[in-house]
Amino acid sequence: MKLRGLYAVTDSQLLAGKFLSYVEAALEGGVTLLQYRDKSGDETKRLREASALLKLCERYKTRLIINDDAEVAARLGVGVHLGQTDGSLPDARALLGHKAIVGATCHAQLELADKAKADGATYVAFGRFFNSNTKPGAPTCSLDLLDQARKRIHLPIAVIGGITLENAAPLVAHGADLLAVVHGLFGADSTQEVTRRARAFNDLFKSA
Ligand SMILES: Cc1ncc(COP(=O)(O)OP(=O)(O)O)c(N)n1
Ligand SMILES: Cc1nc(C(=O)O)sc1CCOP(=O)(O)O
Ligand SMILES: [Mg+2]
């Protein structure tokens, strides 16, 4: 399966009270990967919500990724996204098996991407590209770094951080395969608008 298109990332605060309806609206518009990102530390809630997302993903034939937590990913038989302090990537790969999607945060450092590839990552993620409501303090990354990454790293490249329909096109033009988006997708006023945005993010790849 080609990893290219919209990578929808959930946010527990932003989606409070509309979690499943907004996620389903995004899936309706087309989502290549869906990441469950919950920083609450509430294990029971995480397993319950991730299980609900898995059911939805199965219906829409979308791959689910769990942020931070390879154990939950293993329990559900899905992929994982690991940051630099989220545990060992080789251990996660061994736990989840060779077919699982394992993504790695590389900030703006090509060396981290080289290491992630050597450790068995499925995709590498660079960011943040723009001002982010969700994670304002994340280190910044440039289009120039993305150009270098595209030439050097032969893996799908996810980009993240403040991505909206207004600023995403250059990222695709510079070689991004996956647009990882929280606010620019789910910060919408209605489910209809979430679906419209998801379709529009995917359309950016058709003209690239
Ligand atoms: C696709 C994607 N890229 C980067 C991140 C950030 O991961 P991390 O650095 O571990 O930060 P948290 O998301 O855990 O706060 C991501 N989640 N997804
Ligand atoms: C979770 C995350 N990681 C980032 C990084 O740069 O590693 S930026 C970010 C937040 C993404 O949310 P939004 O689309 O609302 O900016
Ligand atoms: Mg993390």
Subject >> Counterpart residues, side chain to side chain donor-acceptor pair (under 3.5 Å), relative to Arg196 (two or more places apart) >> reply: Glu193
**OP:** Consider only side-chain N and O atoms of Thr134 and Asp11, and report whether a donor and an acceptor are under 3.5 Å apart.
**Re:** no
Subject >> Partners passing side chain to side chain donor-acceptor pair (under 3.5 Å) against Arg93 (at least two apart in sequence or in another chain) >> reply: Thr122
Original post:
Among all residues two or more places apart in sequence or in another chain, which pass the salt bridge (charged side-chain N to carboxylate O under 4.0 Å, His left out) test with Lys18?
Top reply: none
**OP:** Kindly compute the distance separating OG1 (Thr32) from CZ (Arg63), expressed to the nearest 0.5 Å.
**Re:** 11.5 Å
Original post:
Does any N or O in the side chain of Thr195 come within less than 3.5 Å of the main-chain N or O of Ala25, such that one atom is a donor and the other an acceptor?
Top reply: yes
Subject >> For Ala92, side-chain contact (heavy atoms from CB on, under 4.5 Å) partners two or more places apart >> reply: Ala70, Val80, Leu82
**OP:** Kindly say whether Leu64 contributes a backbone atom to a donor-acceptor pair with the side chain of Gln35 at under 3.5 angstrom?
**Re:** no
Original post:
With the 4.5 Å side-chain cut-off for hydrophobic clustering, are Leu178 and Phe205 part of the same group?
Top reply: yes
**OP:** Check whether any side-chain N or O of Asp177 sits under 3.5 Å from a backbone N or O of Ile157 as a donor-acceptor pair, and report yes or no.
**Re:** yes
Original post:
side chain to side chain donor-acceptor pair (under 3.5 Å) with His107: which residues, sequence neighbours excluded?
Top reply: none
Original post:
Do side-chain atoms of Thr140 reach the backbone of Arg128 as a donor and acceptor pair under 3.5 angstrom?
Top reply: no
Original post:
Sequence neighbours excluded, which residues qualify as side-chain contact (heavy atoms from CB on, under 4.5 Å) partners of Leu110?
Top reply: Phe126, Leu145, Gln148, Ala149, Arg152
**OP:** For the residue pair His183 and Ser132, confirm or rule out a side-chain donor-acceptor distance under 3.5 Å.
**Re:** no
Original post:
Is the number of heavy atoms from other residues, nucleotides or ligands under 6.0 Å of Arg75 CZ greater than 12?
Top reply: no
Subject >> Check: Gly184 main-chain N/O paired with Thr164 side-chain donor or acceptor under 3.5 Å >> reply: no
